[in-house]
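Values in this document were obtained by computation on a predicted structure and should not be read as measured data. Note on naming: letters A, B, ... go to the chains in the order of the sequence lines (proteins, then strands), and numbering restarts at 1 for each one. Excluded from the calculations below are hydrogen atoms, water molecules and symmetry mates; all remaining heavy atoms, backbone and side chain alike, are included.
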Number of protein chains: 2
Amino acid sequence: MSSNHTHNKKNQTLTKNQRIVLNLLQDSGEPLKAYFILDSLKKEGLNSPLQVYRALDKLVELGKIHKVESLNSFIICNNSNCASNTAFTICERCGKVKEIKNNNLTEGVNELVRENKLNITRYNLEFYVVCKSCKIN
Amino acid sequence: MSSNHTHNKKNQTLTKNQRIVLNLLQDSGEPLKAYFILDSLKKEGLNSPLQVYRALDKLVELGKIHKVESLNSFIICNNSNCASNTAFTICERCGKVKEIKNNNLTEGVNELVRENKLNITRYNLEFYVVCKSCKIN
DNA sequence: TTACGTATGTAATAGTATAACATTAGAGGT
DNA sequence: ACCTCTAATGTTATACTATTACATACGTAA
């Protein structure tokens with residue numbers, strides 16, 4: 001019984017590597033790829049992919065970031081209550097990603113999951129859209 | 001305006017590579033990885049990763065198979081009407097994957113998507129579960 | 001102190017996917 | 001039949017993503 005999302009283990013202090021990776025993702029707001037993170041943080045002392053992946057793994061486990069599976073990228077969690085459930089929109093044209101939460105769509109899905117007979121423990125939803133600015137152009 | 005899902009371009013005949021890859025996925029029923037497919041089909045004349053990926057890309061485009069993003073795997077489409085929307089359950093313990101369709105959950109999601117204001121063109125849903133046989137043990 | 005879990009650093013390697021280029025096969029129009 | 005155009009093929013090389021293995025360090029609890 002592993003309690004995945006450990007905002008309960010409160011105030012868990014991050015290590016240096018975890019912190020600088022988290023900061024980068026936070027500042028960016030966009031999904032970033034592991035090797036881009038590595039390049040960006042060379043000057044901060046990150047030398048190897050493994051250092052990045054280990055930090056990313058931990059941050060995912062803590063619910064502070066999410067992996068966008070179809071992009072092999074990682075994005076800051078903008079969901080203060082940090083569920084392990086994730087839902088994104090991904091623009092088919094420009095690739096822009098947004099985490100969605102607390103709207104009719106995700107609430108509706110949560111409702112459906114609760115009603116559902118499958119033993120759903122968590123989910124990852126990727127909705128492909130044409131975002132506003134792409135729709136105009 | 002590319003019509004992605006071309007069951008309309010009816011009876012599109014597959015090429016040899018596309019056919020043998022599709023057959024393997026069909027016979028298996030499970031998600032398979034590209035390099036596993038390559039190894040399995042060496043005797044049928046497949047020599048390089050690119051041959052596999054090209055066949056896979058085409059089959060995905062035709063809606064005959066789906067990619068399970070979080071597994072880097074490909075699985076036969078069991079959905080006769082071939083929407084570009086996909087929904088899977090993935091067992092967290094044994095990794096078993098099932099495509100789900102035409103049940104309350106997916107119908108509900110479709111309803112939500114129709115009602116939704118975002119310009120959703122398609123979606124990929126991955127629901128993590130504990131499957132029956134894993135739950136018992 | 002010892003023991004244990006977790007994080008680190010580094011090197012090597014495994015696994016996933018695409019670029020570039022030359023060639024061939026098929027479908028459609030004339 | 002011939003030409004043309006698009007899509008598929010074959011091959012090599014390479015890029016991108018992720019993990020294994022091993023040695024070491026750090027903090028905390030017994």
Side-chain angles (χ1 to χ4, degrees), chain A residues 1-4 6 9-25 30-62 64-75 95 97, chain B residues 1-4 6 8-25 30-75 95 97:
Chain A
M1 177 101 324
S2 68
S3 73
N4 271 334
T6 35
K9 276 185 198 170
K10 67 186 61 173
N11 276 332
Q12 184 136 16
T13 49
L14 300 178
T15 65
K16 173 185 165 261
N17 288 355
Q18 291 159 12
R19 192 157 20 78
I20 62 179
V21 169
L22 181 63
N23 285 344
L24 181 63
L25 285 167
E30 297 186 338
L32 301 181
K33 287 170 173 278
Y35 276 71
F36 176 88
I37 294 171
L38 175 58
D39 287 343
S40 304
L41 296 179
K42 281 250 167 77
K43 50 186 176 308
E44 316 277 343
L46 283 193
N47 295 308
S48 82
L50 195 45
Q51 293 176 298
V52 175
Y53 281 108
R54 286 199 279 223
L56 289 171
D57 286 349
K58 192 63 185 180
L59 292 169
V60 167
E61 188 189 326
L62 294 174
K64 296 191 176 300
I65 67 172
H66 301 300
K67 181 170 189 183
V68 185
E69 293 290 352
S70 65
L71 300 178
N72 296 321
S73 300
F74 299 84
I75 191 169
V97 173
Chain B
M1 175 93 343
S2 68
S3 72
N4 271 334
T6 33
N8 4 354
K9 276 186 195 168
K10 65 186 64 174
N11 276 334
Q12 184 136 16
T13 48
L14 300 178
T15 65
K16 173 183 165 263
N17 288 356
Q18 291 160 11
R19 193 156 20 78
I20 62 178
V21 169
L22 182 62
N23 284 344
L24 181 63
L25 284 166
E30 297 186 339
L32 302 181
K33 287 168 174 281
Y35 277 71
F36 176 89
I37 294 172
L38 176 56
D39 287 343
S40 303
L41 297 178
K42 282 250 167 77
K43 49 186 178 304
E44 316 278 344
L46 284 192
N47 294 308
S48 82
L50 198 43
Q51 294 176 298
V52 174
Y53 280 107
R54 286 199 280 224
L56 289 170
D57 287 349
K58 192 64 187 180
L59 292 169
V60 166
E61 188 190 327
L62 294 174
K64 296 191 176 299
I65 66 173
H66 302 302
K67 181 170 187 181
V68 184
E69 294 290 352
S70 65
L71 299 179
N72 297 320
S73 299
F74 299 85
I75 191 169
V97 174

**OP:** Would you please confirm or rule out a distance under 4.0 Å between OP1 or OP2 of D/dA7 and any side-chain N or O of B/K58?
**Re:**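 No.
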Original post:
Taking OP1 and OP2 of D/dA7, is either one under 4.0 Å from a side-chain nitrogen or oxygen of B/T15?
Top reply: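 Checking B/T15 against D/dA7: no side-chain N or O falls below 4.0 Å of OP1 or OP2.
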Taking the side chain as C-beta and beyond, is there a heavy-atom pair between [X] and [Y] under 4.5 Å?
X	Y	result
A/L46	A/V21	yes
B/K64	B/L14	yes
B/I37	B/L24	yes
A/L22	A/Q18	no

Distance check needed: [N] [atom2] versus [X] [atom1], whole Å only.
X	N	atom1	atom2	result
A/L14	C/dA7	CG	P	10 Å
B/L56	C/dG15	CG	P	18 Å
B/N72	C/dA14	CG	P	18 Å
A/L71	D/dC16	CG	P	16 Å
B/K16	C/dA25	NZ	P	13 Å
B/D57	C/dA19	CG	C1'	14 Å
A/Q18	C/dG9	CD	P	11 Å
A/E69	C/dA17	CD	C1'	16 Å

**OP:** Mind listing the residues from residues 42-55 of chain A sitting with a heavy atom below 4.0 Å of DNA chain C? Number order is fine.
**Re:**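 Result for residues 42-55 of chain A: A/N47, A/S48, A/L50, A/Q51, A/R54, sorted by number.
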Original post:
Looking at DNA chain C, which of residues 30-41 of chain A put a heavy atom within less than 4.0 Å of it?
Top reply: none
Rounded at 0.5 Å granularity, tell me how far [atom1] in [X] sits from [atom2] in [Y].
X	Y	atom1	atom2	result
A/Y53	A/F74	OH	CZ	6.5 Å
A/I20	A/L41	CD1	CG	5.0 Å
B/E69	A/N72	CD	CG	8.0 Å
A/T13	A/R19	OG1	CZ	9.0 Å

**OP:** Can you run down the salt bridge (charged side-chain N to carboxylate O under 4.0 Å, His left out) pairs that involve residues 34-51 of chain B, sequence neighbours left out, and say none if there aren't any?
**Re:**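 Listed by first then second residue: B/D39-B/K42.
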**OP:** Give the dot-bracket string for DNA chain D, reading 5' to 3', where a pair is Watson-Crick or G-U wobble with both distances under 3.5 Å, ( ) marks pairs inside the strand, [ ] marks pairs crossing earlier ones, | marks a partner on another strand, and . marks unpaired.
**Re:** ||||||||||||||||||||||||||||||
**OP:** May I ask you to decide if B/L71's main-chain N or O and B/K33's side chain share a donor-acceptor pair within less than 3.5 Å?
**Re:** yes
Nearest heavy-atom pair of [X] and [Y]: which atoms, and what distance?
X	Y	value
B/A55	B/N17	CB-O, 3.9 Å
A/L25	A/E30	CD2-O, 4.3 Å
A/L56	A/A34	CD1-CB, 4.0 Å

Pairs under 3.5 Å (N/O, protein and nucleotides 23-25 of chain D):
none

Subject >> Partners meeting side chain to side chain donor-acceptor pair (under 3.5 Å) with B/S70 (sequence neighbours left out) >> reply: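 For B/S70 the side chain to side chain donor-acceptor pair (under 3.5 Å) partners, ignoring immediate neighbours, are B/E126, B/Y128.
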